[in-house]
Amino acid sequence: MTMKCIVLSLAIAATAAIAPAKADRLDDIMSAKTLRCATFADVPPFASPDPATREMAGFDVDLCNAIAKHLGVKAEVKPVSVEARVPEVKLGRVDITVANLAYTQSRADQIQFSDPYYLAKEMLIVPADDPGQTKADFANQRIASAKGSTSEMSIKLNKSEPLTFQDTASAYLAVQQGKARGMVANTMTTTKFVNESQTRGKKMRMIQDPMLFQPIGVGMAKDQPALTAKVNEVLHSLDESGEINRIWDKWLGQNTEYKMTRTDKVVPIGELKFTPIP
């Protein structure tokens, strides 16, 4: 072996010794004994400040806490805007995102999704006296939604014109004020707005033709196989024990204004029949 090869070999060996192997995020979580979890900032019933305690509360918050408890660590909830749900976890500012995060091709290119824990629908609501009956009737019409959401994507796919806001409450207000013909959000949010409108404001109704079907999962950074496997393991365990259903019933069940029953199971995304959106 030449002196040049010996020197090069020593240099490579020294570099390998200095540069540690890339650790999986799961190791950091267990070492810190903290799971940093991004949720919505103010989108009930998923996550919003409790009026009495000002602490974050909702379905997603409870699911974050349940995942953390299963891991044996504490949950640190970080409220974020709708459009920040993917960047926050992609950039490592949080460990996971639990914020009604729907699977899309563009998001899957940026982050890792867990096995979905329910299949959601994006629904369109309009004033009760609107003549439209199907989503096709609203093509080329201005429809409100939260910015950076799959609701906005569904509006574009319907060939409608999106009018976006930082939150769903502002989008709903735009419809009430006549700035948009309707608004799109998940089934829970639209159901709540329709119910509320029966006693105040302009009465609303729901178009029964769903704008979109979408699997909802936990978002994580890419290339974190141990964390991905562990989160999936925890979700399956919480599902089998009935804990996800208990959290669901607390925030969305028959004794709430949403009166929804969860029938989905945690399954690999490949087992679901749906058309991924861009």
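Because the structure is predicted, anything quoted here is derived from the model rather than measured.
With rounding to the nearest 0.5 angstrom, the OG atom of S114 is 7.5 Å from the CD1 atom of I67. For the atom pair Y117 OH and I244 CD1, the distance stands at 8.5 Å (nearest 0.5 Å). Rounding to the nearest 0.5 Å places CE of M188 at 9.5 Å from OG1 of T256. Note that CE of M220 and OG1 of T228 are 4.0 Å apart. Values are rounded to the nearest 0.5 Å.
Contact check for Y103 versus T150: no side-chain heavy atoms found under the 4.5 Å cut-off. Taking the side chain as every heavy atom from C-beta outward, V80 and V94 never approach each other to under 4.5 Å. At least one side-chain heavy atom of K230 sits less than 4.5 Å from a side-chain heavy atom of L71. With contacts defined as side-chain heavy-atom distances shorter than 4.5 Å, the pair I269/F274 qualifies. Using a 4.5 Å cut-off on side-chain heavy atoms (C-beta onward), K90 and K222 make no contact. At a threshold of 4.5 Å between non-hydrogen side-chain atoms, the residues M211 and N158 count as touching. Residues I277 and L157 have side chains in contact (heavy-atom distance under 4.5 Å, counting atoms from C-beta outward).
Listed by first and then second residue, the disulfide bond (SG atoms under 2.5 Å apart) pairs involving residues 193-248 amount to none (not counting sequence neighbours).
Shown here is D109, whose CG atom has more than 12 heavy atoms of other residues, nucleotides or ligands within 6.0 Å. Few gaps surround NZ on K265; more than 12 heavy atoms of other groups in view lie less than 6.0 Å from it. Within a 6.0 Å radius of NZ in K192, other residues, nucleotides and ligands contribute more than 12 heavy atoms.
Formation of a donor-acceptor pair under 3.5 Å by the T190 side chain with backbone atoms of N186 is found in this model. For R107 (side chain) and A102 (main-chain N/O), a donor-acceptor pair under 3.5 Å exists by modelled atom type. For the pair W248 (side chain) and M260 (backbone), a donor-acceptor distance under 3.5 Å is present. Formation of a donor-acceptor pair under 3.5 Å by the T53 side chain with backbone atoms of E55 is found in this model. The main-chain N or O of G92 is found under 3.5 Å from a side-chain atom of R36 such that the two form a donor-acceptor pair. Between the side chain of R246 and the main chain of S241, a donor-acceptor pair closer than 3.5 Å is present. Although no hydrogens or angles enter the test, the distance criterion places no donor-acceptor pair under 3.5 Å between the side chain of Q141 and the main chain of S160. Side-chain atoms of D115 do not come within 3.5 Å of backbone N or O of V266 as any donor-acceptor pair. Looking at K179, its side chain never comes within 3.5 Å of a backbone N or O of A174 through a donor-acceptor pair. When atom types are taken as modelled, the side chain of D95 and the backbone of C37 share no donor-acceptor pair closer than 3.5 angstrom.
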Q: With side chain to side chain contact (heavy atoms under 4.5 Å, CB included) as the test, would you mind laying out the steps for V82 and F40 before giving the verdict?
A: CA-CA 6 Å; V82 174; F40 286 122; 3.9 Å; yes
Q: Using the side chain to side chain contact (heavy atoms under 4.5 Å, CB included) rule, take I207 and F138 through it: C-alpha gap first, then chi angles, then the decisive distance, then the call.
A: CA-CA 10 Å; I207 299 297; F138 297 88; 3.9 Å; yes
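Between E88 and K78 a salt bridge is recorded (basic side-chain N to carboxylate O distance below 4.0 Å). Checked for salt-bridge contact, D239 and R262 meet the test: a charged N lies under 4.0 Å from a carboxylate O.
When P162, P278, S106 are each tested for a side-chain contact (heavy atoms from CB on, under 4.5 Å) with M153, only one passes: S106. With respect to M30, the side-chain contact (heavy atoms from CB on, under 4.5 Å) criterion is satisfied by exactly one of L26, D27, D28: L26.
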Without placing hydrogens or testing angles, list every side-chain donor-acceptor pair under 3.5 Å for residues 196-206, not counting sequence neighbours.
unit_1 : atom_1 : unit_2 : atom_2 : d
S197   : OG     : V194   : O      : 2.7
S197   : OG     : M204   : N      : 2.9
Q198   : NE2    : V194   : O      : 2.8
Q198   : NE2    : M204   : O      : 3.2
T199   : OG1    : E196   : O      : 3.3
R205   : NE     : A128   : O      : 3.3
R205   : NH2    : D130   : O      : 2.5
R205   : NH2    : G132   : O      : 2.5

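Under the 4.5 Å side-chain heavy-atom criterion for ILVMFWY residues, no single connected hydrophobic cluster contains both I111 and I29. In terms of hydrophobic clustering, with Ile, Leu, Val, Met, Phe, Trp and Tyr side chains grouped at heavy-atom distances under 4.5 Å, V98 and L252 are assigned to a common cluster. Hydrophobic clustering (side-chain heavy atoms under 4.5 Å, transitive across Ile, Leu, Val, Met, Phe, Trp, Tyr) groups L63 together with I216.
The closest side-chain donor-acceptor pair between S151 and E122 falls under 3.5 angstrom. In this model, no donor atom of one side chain and acceptor atom of the other lie less than 3.5 Å apart for T191 and E257.
Across all their heavy atoms, L235 and V218 have their closest contact at CD1-CG2, 4.1 Å.
Taking the ring-ring contact (aromatic ring centres under 6.0 Å, His included) definition, one finds that F193 meets it with Y172, sequence neighbours left out.
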